[in-house]
Number of protein chains: 2
Amino acid sequence: MTARAEATRERLLKAAKQLVMSKGFAGMSIDDVLRATDLTKGAFFHHFKSKADLADQLMRWYAENDMKMFRTLLAEAEAAHDDPLDQLLKFLTDFEAYLCDPEHPPRGCMYALYTYEDDHFENAVKDFVAETLRTWTAMYIRKFQEVIDRHPPARHVSAKQLAEMFVAVIEGGLILERAHKNPGMAARQSEQFRSYLELLFPSAPRERAA
Amino acid sequence: MTARAEATRERLLKAAKQLVMSKGFAGMSIDDVLRATDLTKGAFFHHFKSKADLADQLMRWYAENDMKMFRTLLAEAEAAHDDPLDQLLKFLTDFEAYLCDPEHPPRGCMYALYTYEDDHFENAVKDFVAETLRTWTAMYIRKFQEVIDRHPPARHVSAKQLAEMFVAVIEGGLILERAHKNPGMAARQSEQFRSYLELLFPSAPRERAA
DNA sequence: CTCTCCATACAGACTGGTCTGTATATACTT
DNA sequence: AAGTATATACAGACCAGTCTGTATGGAGAG
C-alpha cells in the first residue's frame, strides 16, 4: 500500500467515524462517506470489501488509536508519580482535560454505539469490542490493585469493581453529554469518581495535593 | 380508537421496541416490524403517519412506561422508610432486583440508543429525550437533597452531582452488560454506587441495616 | 330488533428512490 | 509495461410511503 493509498484509507475511516458517531452505523450510507471525502465507489471498494468490512476495520482503527491514547496518559502518570494512587488521580485529571478538549469534538464512544446496534455486526466485530473493553478494563484493574495493596480502602472493594465502575461512569457520562448537548458532563462524572476514590483511600499520601 | 385498534398499536410498538433495541432505529425497517407482528403496511400507516412518527410515539410510550416504573419504586421506598437515605437505598436495591429480573430481557436504555443515533431524529424527539432525562434526574435530585439536608456528607457534594452520577452509572452499566452479554453488570454498578453513598453518609441511621 | 350506512381498521400491490455491491475503464507510479 | 489506485456506470435488492380496496363494528332509522 502506497503512502497515497494509506492517506485515502485514513480519509475514508475518519469521515466514517464522524458520520457513524452522529447517525449510527446503519444510518450511515457508503455514499455519505464518499460525499464527505469527495471520493467514489471505486476508492471505497478498493479499500473495503464491503460495508461490514468497514465496520470491522473502523472499529479496529478506532480501538487502536483509543488504546494508544490511554496507554500514553497512563505512562505519563506513572512517570510523574511513585504512588499508584497519585498516578491514578493524575491519569483521571488528564483524562478529564482530554474529555473537555474542544479539539476532539466527536463526543461519544464507538464501543457503546456498536453495542447499541448489535444485530448489524458480525460476531467477530462484537467479540472484538468485548475483547477491547476487557483489555481496557484490565489496564485499570492492575492499577487499582496496586492502589488497594498500598492503601487499605475504607470499605471492602475489589479492583475489578472499581475498574468497571470507571468505565461505566465514563460511558454514562458520554451519553448524558450527548443527550443534553452539554460537553463536560463526562468529565464531571470522572471528577465525581475521583471523589469516591478519595473517600475510599483516605490514607493516601499528600503528595498529590501539591 | 377502539380496543382492538389500541391492541394493534401496542403490538406494533412492542415489536418495534424489541427490534430497535437490537438493531437500532435506522437499522430496523418497517417491514421488520410487520414481519414480527404479522401485520401489513396498511395497519402500520394507519397508526403511524411515517417512520419518524413511529420514532416519536415509540419514545413517548417507552418513557411513559419507564417513568411509571420509577415512580412506583420510589413511592414504595418512601412508604417503607422515614429517613430519606433509607428510602433511597431501598429504591436502589429494588431497582437492582428489577435490573436482574429475567422477565425484562430487552436490556438497554432507549434514551441512550436514540442519543447515539442523533441525526436521524427530529428535534422534537431529541428534545423530548433530553427533557425526560431531566425529569428523571430531577426526581433523584430532590431525594438526594433531602438526604444531604439530613445527613452531613463526609465530603462536599451536590444533589445534582449525585443524581447525574447515578444516571451515568446505570447507563454505563447497561452498555457493559450488552457488550459483554453479561446481565447483572448494570445492577452491580448500582451496588457500587450505594457503596459510595454509604461512605458519603456515614452518620446515617442504622435502621437500614436491619 | 334489524337493516342500512358509514367510519374505522386493516390488507396488500405498487412506486420512486436509495442502498450495497459489481464491472469496467482510466490514471498514476515505479 | 505492469501493478496499484481511483473513477464511472450500472445491476439488483430493499425501503419508506401511497393507493385502492376490503372487512368489521356500531349508530341511527324504521
Side-chain angles (χ1 to χ4, degrees), chain A residues 1-59 61 113-114 117-122 124-125, chain B residues 1-59 61 113-114 117-122 124-125:
Chain A
M1 174 137 53
T2 68
R4 193 167 74 103
E6 180 56 40
T8 301
R9 196 184 99 100
E10 283 251 336
R11 262 169 79 201
L12 288 166
L13 287 171
K14 255 189 186 144
K17 177 181 166 187
Q18 288 268 116
L19 286 162
V20 162
M21 283 299 190
S22 62
K23 317 174 78 161
F25 191 80
M28 170 194 73
S29 75
I30 294 177
D31 282 335
D32 284 339
V33 180
L34 300 179
R35 262 189 296 274
T37 51
D38 266 313
L39 288 165
T40 55
K41 283 277 167 78
F44 183 91
F45 282 97
H46 177 72
H47 290 282
F48 309 100
K49 73 175 201 288
S50 66
K51 197 187 175 191
D53 185 42
L54 170 66
D56 191 282
Q57 291 199 43
L58 179 59
M59 178 46 81
W61 177 75
L113 195 147
Y114 271 47
E117 269 182 291
D118 234 23
D119 266 25
H120 265 53
F121 301 112
E122 294 160 16
V125 180
Chain B
M1 175 135 54
T2 68
R4 191 167 78 105
E6 180 56 40
T8 300
R9 198 183 98 100
E10 282 250 337
R11 261 169 80 201
L12 289 165
L13 286 170
K14 255 189 185 143
K17 177 183 165 186
Q18 289 268 116
L19 286 161
V20 161
M21 282 299 191
S22 62
K23 317 174 76 160
F25 191 82
M28 171 194 72
S29 75
I30 293 176
D31 282 334
D32 284 339
V33 180
L34 299 180
R35 263 189 295 274
T37 51
D38 266 313
L39 289 165
T40 54
K41 283 278 167 79
F44 183 92
F45 282 97
H46 177 74
H47 288 282
F48 309 100
K49 72 175 203 287
S50 66
K51 197 186 175 191
D53 185 41
L54 170 66
D56 192 282
Q57 290 199 45
L58 180 59
M59 179 47 82
W61 178 73
L113 195 147
Y114 271 48
E117 269 182 292
D118 233 24
D119 265 24
H120 265 53
F121 301 113
E122 295 160 15
V125 179

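Model, not experiment: these values are computed from the prediction. Residue numbers begin at 1 in each chain, while the letters A, B, ... track the order of the sequences.
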* Quantify the bending of the helix from C/dC1-D/dG30 to C/dT30-D/dA1 as the angle between its end axes, each fitted on five pairs, to 10°. => 10°
Separation of atom [atom1] in [X] from atom [atom2] in [N], rounded to whole Å:
X: A/R11; N: D/dA5; atom1: CZ; atom2: C1'; value: 12 Å
X: B/F44; N: D/dT18; atom1: CZ; atom2: C1'; value: 14 Å
X: B/E6; N: C/dC10; atom1: CD; atom2: C1'; value: 16 Å
X: A/K49; N: C/dG21; atom1: NZ; atom2: C1'; value: 13 Å
X: B/R9; N: C/dT8; atom1: CZ; atom2: P; value: 17 Å
X: B/K23; N: D/dC14; atom1: NZ; atom2: C1'; value: 12 Å
X: B/L54; N: D/dA16; atom1: CG; atom2: C1'; value: 12 Å
X: A/F48; N: D/dA5; atom1: CZ; atom2: C1'; value: 14 Å

Sequence neighbours excluded, which residues qualify as side chain to side chain contact (heavy atoms under 4.5 Å, CB included) partners of [X]?
X: B/A124; answer: none
X: A/A36; answer: A/A15, A/L19
X: B/T8; answer: B/L12, B/L39, B/H47

Is [X] near enough to [N] that one of its side-chain N or O atoms lies under 4.0 angstrom from OP1 or OP2?
X: A/T8; N: D/dT6; result: yes
X: A/H46; N: D/dA7; result: no
X: B/H47; N: C/dC10; result: yes

* Asked: Can you find a pair of side-chain heavy atoms, one from B/Y114 and one from B/H120, that are under 4.5 Å apart?
  -> no
* Asked: Less than 4.5 Å apart, any side-chain heavy atom of B/D53 and any of B/F45?
  -> no
Give me the distances for all protein-to-nucleotides 18-20 of chain C N/O pairs that come in under 3.5 Å?
unit_1, atom_1, unit_2, atom_2, d
C/dT20, OP1, A/I30, N, 3.4
C/dT20, OP1, A/K51, NZ, 3.4
C/dT20, OP2, A/I30, N, 3.0

* For A/E10, enumerate each residue passing the side chain to side chain donor-acceptor pair (under 3.5 Å) test, keeping only those at least two apart in sequence or located in another chain. => A/W61
* Not counting sequence neighbours, which residues clear side chain to side chain donor-acceptor pair (under 3.5 Å) with A/D119? List them please. => none
Contacts under 3.5 angstrom, residues 23-30 of chain A side chains, donor-acceptor by atom type, not counting sequence neighbours:
unit_1, atom_1, unit_2, atom_2, d
A/K23, NZ, A/D32, OD2, 3.1
A/S29, OG, A/D31, N, 3.4
A/S29, OG, A/D32, N, 3.0
A/S29, OG, A/D32, OD2, 3.4

* Who pairs with A/D56 by salt bridge (charged side-chain N to carboxylate O under 4.0 Å, His left out), at least two apart in sequence or on another chain? -> A/R60
